[in-house]
Amino acid sequence: MSDKTRRIALLGLLTALCFGLSYLELMLPALSVGVPGIKAGLANICVVAALYLLGPWEAAAVNLARILLNWLLFGSFTGLLYSLAGGALSFGVMIVLKKSGAFSPVGVSAAGGAAHNIGQLGVAALMTGTPALMLYLPVLLTFGTAAGALNGLIFTAVQKRIKPRRKE
Amino acid sequence: MKKLLCVTVVLLLLTGCEAYPKRFSATYTDVFDTVTEFTAYCGSEEEFEALAGAVHGELKRLHEIFDIYNNYEGLDNAKTLNDAAGQTVFPPEELVGLIEAGRDWYSLSGGKLNIAFGTVLSLWHRCREEGLLPDPEELSERAKHCDISLVDVGGEGVTLADPVMSLDFGAIAKGYAAQKAAELAAGMGGESFALSVGGNVVTRGRKPSGKWEIGIQNPDGGLLTTVKVSGEAVVTSGDYQRFYEVDGVKYHHIIDPDTLYPASLWRSVTVIAENSADADALSTSLFLLPLEDGKALAEKFGAEALWVSPDGGVVRTEGFSGYE
Amino acid sequence: MNKLFRHDLALILAIVLTALALGAASTLLTKEGETVEVRLRGELYAELPLSRDAELDVDGLCTVVVKDGGAYVRNSSCRNKICQRHPPISRAGETIACLPNGVTVRVAGEGGADFYV
């Protein structure tokens with residue numbers, strides 16, 4: 001298998017997995033606390049994975065596919081705008097932190113989670129004309145960071161196990 | 001990969017260019033002797049001003065037509081009709097329509113909601129202004145002139161066949177007007193707004209953050225519950241809304257036509273219905289009717305209701321909690 | 001890896017601390033932020049914080065009193081005095097009106113219901 005084919009296959013695999021995880025999270029209400037905006041965001045594992053295994057643009061593609069597919073299947077248009085804003089900000093932060101080389105996937109993913117919530121809430125406050133929405137930021141920030149760190153940990157664990165196989 | 005990059009960038013940029021609707025509010029105190037609040041989500045202040053101006057204008061127009069206290073130049077309104085009892089008057093079609101709706105509600109409510117009760121209500125109104133109690137004999141004397149079958153609507157003309165009789169639209173006019181004003185605003189392209197004419201709330205669409213939230217007051221103060229609606233009308237009739245005290249006893253504004261005194265079956269009744277005119281008439285009717293009759297009436301309109309009894313107990317129709 | 005892990009921890013800690021600081025700041029700020037808007041014939045006449053007891057004379061028409069976090073109307077020159085009998089208001093969106101004088105007192109701010117009936 002050529003390197004290019006392998007990368008494309010992996011990209012498709014991650015996108016599919018990402019979508020599967022979104023669905024799984026939807027099926028397991030126990031993962032959400034019932035507060036809007038707070039969720040584990042397991043699908044972000046795939047975005048982090050794409051970022052580390054493939055590269056920034058591939059990760060952007062997975063992220064965009066995740067957001068669009070989610071919107072088409074279960075979402076509202078306003079929800080899409082919130083997710084796009086959150087996704088874009090989180091993505092920018094993750095790329096910068098990864099490039100710095102000072103952080104492991106856990107830190108990168110945690111900061112990404114926090115940035116996602118900042119972007120999401122910022123757009124929501126702007127769109128609804130209610131700056132008071134930003135009052136939720138502290139809570140969302142804490143949970144977003146925790147969820148991001150969790151995703152980073154899962155990715156690190158998975159990466160350790162799949163690495164030997166990747167080197168044929 | 002370059003293509004993908006372009007698509008991503010364009011999509012992200014697009015999200016930044018949307019005209020985000022903002023929340024605007026206006027308050028008016030010059031229509032229907034109550035507080036009117038109009039709240040809408042609009043792209044710009046100009047858009048809101050146009051919408052609010054139209055709503056205010058329509059409410060003012062209807063207020064003048066249904067007004068029983070003031071005359072207006074060149075308008076044959078409810079006061080003209082009352083003053084000319086015995087003669088035929090040709091009022092605007094809105095007034096004829098409201099009279100016809102009033103006659104329907106008389107039979108629907110088993111005679112409890114009577115727009116021909118003006119003689120009795122005006123006595124209570126005067127007594128409330130002066131802080132006195134009405135003379136029981138005068139009350140029953142006036143009650144003899146409340147026969148709604150003597151209101152003749154023929155062609156476009158209206159005749160009050162009893163020359164002493166007068167009409168009072170207090171129980172249905174606000175809901176009707178709120179409905180008309182909301183329809184006007186929706187016709188102008190308003191997609192997300194709520195209008196409250198003295199507690200007659202009409203909603204359209206939803207807020208960007210969810211449904212419209214209407215707090216239902218506890219008659220003794222505080223909040224009883226909150227209902228969430230998008231498109232429905234919510235109206236409460238309560239003994240705490242308009243009342244006065246004589247010798248420490250409270251007398252409120254909803255008069256039972258059978259006793260000629262303020263009704264005491266309930267402290268308040270809240271109705272959720274598709275149409276604000278129905279909701280307004282329903283809430284007054286239910287306030288005057290026993291529970292079972294009220295339930296049957298609400299069901300006819302597919303409306304939900306919540307009753308607060310004098311001992312503070314709360315009764316709901318089955319579907320009401322679906323809005324809480 | 002160990003060094004990266006230390007950096008991670010520091011980063012996460014920094015974010016959480018920022019969140020906590022923001023939370024503390026916002027709770028302190030919102031308590032100050034609750035106000036009542038007094039309007040005369042639709043025009044904003046005054047804004048009063050609910051956190052501080054105060055009395056405001058509205059053009060000689062009535063007095064708006066803020067006491068213990070609630071606002072009510074006193075000494076109204078109107079005839080029916082409906083406004084004076086209204087219990088104190090404190091939740092966002094709650095309104096007291098004196099129609100004859102065209103005075104409305106409304107608790108400003110987000111949260112709470114859109115209307116109260």
Side-chain angles (χ1 to χ4, degrees), chain B residues 23 25-37 39 56 125 128-131 193-203 207 209-218 220-229 234-238 240-245 250 253 268 270-271 283, chain C residues 34-47 58-59 61-62 64-65 67-74 76-117:
Chain B
R23 186 186 178 106
S25 279
T27 306
Y28 309 107
T29 51
D30 58 352
V31 286
F32 294 103
D33 304 312
T34 185
V35 187
T36 297
E37 274 184 80
T39 299
H56 188 205
H125 184 266
R128 188 164 70 229
E129 298 266 287
E130 290 167 1
F193 64 83
L195 170 67
S196 165
V197 182
N200 286 254
V201 180
V202 199
T203 61
K207 304 185 283 180
S209 56
K211 294 186 173 187
W212 295 97
E213 290 169 38
I214 319 295
I216 311 294
Q217 292 188 40
N218 198 319
D220 290 319
L223 190 66
L224 186 64
T225 182
T226 303
V227 295
K228 298 175 187 69
V229 289
V234 183
V235 180
T236 296
S237 289
Y240 57 91
Q241 291 166 329
R242 230 173 249 206
F243 64 86
Y244 69 112
E245 272 175 64
K250 288 179 178 175
H253 70 301
S268 83
T270 299
V271 171
S283 77
Chain C
E34 295 246 26
T35 57
V36 279
E37 293 173 357
V38 181
R39 286 175 186 272
L40 181 56
R41 287 179 287 275
E43 299 294 318
L44 191 63
Y45 184 84
E47 272 183 278
V58 185
D59 248 19
L61 298 169
C62 63
V64 175
V65 183
K67 198 163 183 286
D68 303 331
Y72 57 92
V73 174
R74 216 174 55 191
S76 179
S77 65
C78 66
R79 208 153 77 139
N80 56 29
K81 314 272 188 225
I82 290 174
C83 51
Q84 279 179 215
R85 289 194 212 96
H86 201 295
I89 53 172
S90 57
R91 293 186 301 262
E94 276 191 304
T95 305
I96 300 178
C98 178
L99 294 169
N101 289 333
V103 176
T104 56
V105 184
R106 186 181 206 277
V107 181
E110 298 294 331
D114 296 298
F115 297 116
Y116 292 92
V117 295

Chain B interface, residue from Arg85(C), His86(C), Glu94(C) that has the most non-hydrogen pairs under 4.5 Å =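 Between Arg85(C), His86(C), Glu94(C), the count favours Arg85(C).
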Atom of Gly199(B), atom of Val117(C) and distance for their closest heavy-atom approach =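 The pair with the smallest heavy-atom distance is O-CG1, 3.2 Å.
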Which atom pair, heavy atoms only, marks the closest approach of Val35(B) to Ala97(C)?
->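 Taking Val35(B) first and Ala97(C) second, the nearest heavy atoms are CG2-CB, 2.9 Å.
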Under 3.5 Å, is there a donor-acceptor pair between the side chain of Asp114(C) and the main chain of Ile214(B)?
->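 Not a single qualifying donor-acceptor pair exists.
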Side chain, backbone, both or neither of Thr95(C) within contact of chain B (heavy atoms, under 4.5 Å) =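 The side chain, not the backbone.
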Rounded to the nearest 0.5 Å, how far does [atom2] of [Y] lie from [atom1] of [X]?
X	Y	atom1	atom2	value
Arg91(C)	Leu223(B)	CZ	CG	4.5 Å
Phe115(C)	Thr203(B)	CZ	OG1	9.5 Å
Ser25(B)	Glu37(C)	OG	CD	9.0 Å

Heavy atoms only, distances under 4.5 angstrom: which of Thr34(B), Ile216(B), Asp33(B) has the most pairs with chain C? Name it, please.
->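 Maximum pair count with chain C is reached by Thr34(B).
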Which of Gly198(B), Gly238(B), Ala194(B) touches chain C most, by non-hydrogen pairs under 4.5 Å |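 Highest number of pairs under 4.5 Å: Ala194(B).
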Answer with side chain, backbone, both or neither: which region of Tyr28(B) has an atom nearer than 4.5 Å to a non-hydrogen atom of chain C?
->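 Neither; nothing under 4.5 Å.
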